[in-house]
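Below: one structure, written as structure tokens.
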Amino acid sequence: MISARPVVSAGAALACASAVMSVANAASMPRLRPPRDGSTPESVVVCVPARDEERDLPLLIADLRAQHYRGRLTVMILDDGSSDDTAAAAHAATEGDPRFHVVSETDPPPDGWTGKAAACRRLADLAAAFDPDVLVFLDADVRLGSGAIAAAVDARRLLGVALLCPWPEQLAATVAERLVQPLLSFSWMSTLPVRVADRSLRPSTVVACGQMMVFDAAAYRDVGGHDSVASSATEDLDIARVLRRGGHRTAVASGAGYVCCRMYDGWDDLRDGYTRWLWSAFGGRAGTASISAAMTLAYLVPPVAAVYGSGSVRRAGLLGYAAAVVARVAAARSESGPGRLTGQVAAASAHPVSVGLYLWLGVQSHRRRGRGALTWKSRPLVTPPGSDPSR
């Protein structure tokens, strides 16, 4: 009979390593800060793709109108074939502000394109008329502090990167959201030395978040922009990889205090969102299987041993479980800043449940992809060449 002790000890060791990595990243990763005095402002075009965003888009527009930015700031908003009153809501919220331009697109995405990639390409084409130094892509459900654009643009320049992704605080209101959403930042905070990865051109170490992407406009054009990731379900990660393959550095920074986002609204929205892209997150089935095995060993085996084991097996399980909680809290504090410690510890204590739910979502994502059932906002995720994209 195989002894449980080596397996539990290996899992505890992995969990402890993830805790060390999370704490180190929380202490060292870049953060958005107020811009330096005397810096020359760059011209910025903010691009907002919006499909069925009648509720959230006016809030973002209000945030953008309140930005304290000394340079030229232009905002392009694309109503991407919405079935609600997104366009009317956008026009009403801009109140004739000349910096804002609202365009409606009724054509479906071209064959082989995802809806978001096509919308971003259209926005970049429109932005070219303003000859920007910096392109900022924002999701419509993002909320910004009044200094967010200035801080993000300045941070990109200071870091000397072609793409900066300020990681937003992920807001969560329901139990399902509180269980799953913290794993977005935890997944890379606990496994990747961020400062080392930010200096690298290795595509495999990239971290990106499509909720807010700040590009050097020349580098964006150099790699072909969103044309290079037309069919990607994770266009944010893939365009960052394309940049690195082209010799351009990318980086992630904490957006705590400047940027936040409630990515999904309730269980149904969260389930559909994660199953849309999880199949591609780890390089296919083999990568998913490897990551799932590692997560099971590090984050499910130790708590099971802590409950059902005895002696040294139980002690190793308790150590592994405690290390995972520490890792989760460190990641949460980096994402959201100081405060809320009690709530962060409470959420982290449910880490085994979070991991189990995440693994289940991954399985469902692969199953839906196998059935050709992946959709987002009433569209097929990718329109197969030769098919009718309006169906």
Side-chain angles (χ1 to χ4, degrees), residues 21-36 39 41-42 44 46-47 63-64 67-69 71 133-139 142-171 181-203 205-217 219-220 234-241 243-244 248-261 263 327 329-339:
M21 186 68 72
S22 290
V23 171
N25 280 330
S28 64
M29 72 179 296
R31 308 181 72 84
L32 295 193
R33 302 184 187 281
R36 301 159 299 162
S39 59
E42 298 171 286
V44 176
V46 176
C47 300
D63 290 346
L64 287 167
Q67 290 301 299
H68 298 152
Y69 187 67
D133 300 312
V134 177
L135 280 172
V136 179
F137 289 88
L138 283 175
D139 283 355
V142 167
R143 299 301 308 274
L144 301 173
S146 60
I149 297 295
V153 169
D154 192 63
R156 188 207 64 79
R157 182 167 48 184
L158 278 174
L159 291 169
V161 295
L163 167 63
L164 176 70
C165 290
W167 191 274
E169 178 184 357
Q170 300 298 316
L171 305 180
Q181 284 302 95
L183 296 184
L184 284 178
S185 61
F186 173 81
S187 63
W188 52 268
M189 284 279 291
S190 62
T191 57
L192 189 70
V194 173
R195 292 306 292 263
V196 174
D198 282 354
R199 298 187 184 98
S200 170
L201 290 177
R202 291 175 59 107
T205 64
V206 80
V207 178
C209 180
Q211 293 168 358
M212 185 175 189
M213 306 187 82
V214 183
F215 289 91
D216 173 79
Y220 175 85
T234 50
E235 80 292 329
D236 49 358
L237 288 168
D238 284 337
I239 200 169
R241 291 171 180 140
L243 282 164
R244 287 193 173 188
H248 301 286
R249 288 175 53 222
T250 72
V252 64
S254 171
Y258 288 90
V259 191
C260 63
C261 180
M263 188 174 179
V329 171
R333 293 183 74 74
S334 178
E335 179 182 291
S336 60

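Just so it is clear, the structure is predicted and the values come from calculations on it, not from any experiment.
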Exercise. Is there a donor-acceptor pair under 3.5 Å between the side chain of Ser22 and the backbone N or O of Ala330?
Worked result: no

For this session: Tell me, with the steps shown, if Met21 and Thr191 meet side chain to side chain contact (heavy atoms under 4.5 Å, CB included).
Result: CA-CA 6 Å; Met21 186 68 72; Thr191 57; 5.8 Å; no

For this session: Please say which of Val153, Asp216, Leu164 ends up in a side chain to side chain contact (heavy atoms under 4.5 Å, CB included) with Val134.
Result: Val153

Exercise. Which atom pair, heavy atoms only, marks the closest approach of Phe186 to Ala327?
Worked result: CE1-CB, 3.5 Å

Problem set entry | Side-chain heavy atoms of Cys47 within contact of Leu135, under 4.5 Å | yes

Exercise. To the nearest 0.5 Å, how far apart are OG1 in Thr250 and CG in Asp236?
Worked result: 11.0 Å

For this session: Anything under 30° is parallel, anything over 60° is perpendicular, the rest tilted; go ahead and classify Phe215 against Phe137.
Result: perpendicular

Problem set entry | Presence of salt bridge, Arg195 and Asp198, under 4.0 angstrom | no

Exercise. For Glu235, what residues pass the salt bridge (Lys or Arg N to Asp or Glu O under 4.0 Å) criterion, not counting sequence neighbours?
Worked result: Lys116

Exercise. Under a 4.5 Å cut-off applied to non-hydrogen side-chain atoms, are Arg143 and Pro168 in contact?
Worked result: no

For this session: Please name the pair of heavy atoms, one in Pro166 and one in Val214, separated by the smallest distance, quoted to 0.1 Å.
Result: CD-CG2, 4.1 Å

Problem set entry | Flag, side chain of Arg156 to backbone of Val161, donor-acceptor distance under 3.5 Å | yes

For this session: With sequence neighbours left out, write down each residue that passes side-chain hydrogen bond (donor to acceptor under 3.5 Å, both in side chains) with Ser190, or none if nothing qualifies.
Result: none

For this session: Hey, could you give me the SG/CD distance between Cys260 and Gln211, rounded to the nearest 0.5 Å?
Result: 10.0 Å

Exercise. Is a side-chain N or O of Gln67 found less than 3.5 angstrom from the main chain of Ile149, in a donor-acceptor match?
Worked result: yes

Problem set entry | Residues in side chain to side chain contact (heavy atoms under 4.5 Å, CB included) contact with Asp238, at least two apart in sequence or another chain | Val229, Ser232, Thr234, Arg241

For this session: Using the test ring pair (Phe, Tyr, Trp, His ring centres under 6.0 Å), find all partners of Tyr258 that sit at least two apart in sequence or belong to another chain.
Result: none

Exercise. How long is the span from the CZ atom in Arg249 to the CZ atom in Arg199, to the nearest 0.5 Å?
Worked result: 8.0 Å

Exercise. Distance from Cys261 atom SG to Trp167 atom CH2, nearest 0.5 Å?
Worked result: 10.5 Å

For this session: Could you list the residues that satisfy side-chain hydrogen bond (donor to acceptor under 3.5 Å, both in side chains) with Glu169, not counting sequence neighbours?
Result: Arg340

For this session: Could you tell me which non-hydrogen atom of Ala240 sits nearest to which non-hydrogen atom of Ala208, and how far apart they are?
Result: CB-CB, 4.1 Å

For this session: Enter the distance from Leu243:CG to Leu201:CG here, rounded to the nearest 0.5 Å.
Result: 10.5 Å

Exercise. Between Ser187 (side chain) and Leu184 (backbone), is there a donor-acceptor pair under 3.5 Å?
Worked result: yes

For this session: Find out whether Tyr220 and His248 are in side-chain contact, i.e. whether some heavy atom of one side chain is under 4.5 Å from a heavy atom of the other.
Result: no

Seminar exercise, completed: Of all heavy-atom pairs linking Cys165 and Met213, the shortest is SG-CE, 4.0 Å

Seminar exercise, completed: Heavy-atom closest pair (Val259 atom, Ala148 atom, distance to 0.1 Å) is CG2-CB, 4.4 Å

For this session: Sequence neighbours left out, what passes side-chain hydrogen bond (donor to acceptor under 3.5 Å, both in side chains) with Thr205? Give chain and number order.
Result: Arg244

For this session: Please confirm whether the backbone N or O of Met263 pairs with a side-chain atom of Gln170, one donor and one acceptor, at under 3.5 Å?
Result: no

Seminar exercise, completed: All heavy atoms of Asn25 vs all of Leu192, minimum pair found to be ND2-O, 2.7 Å

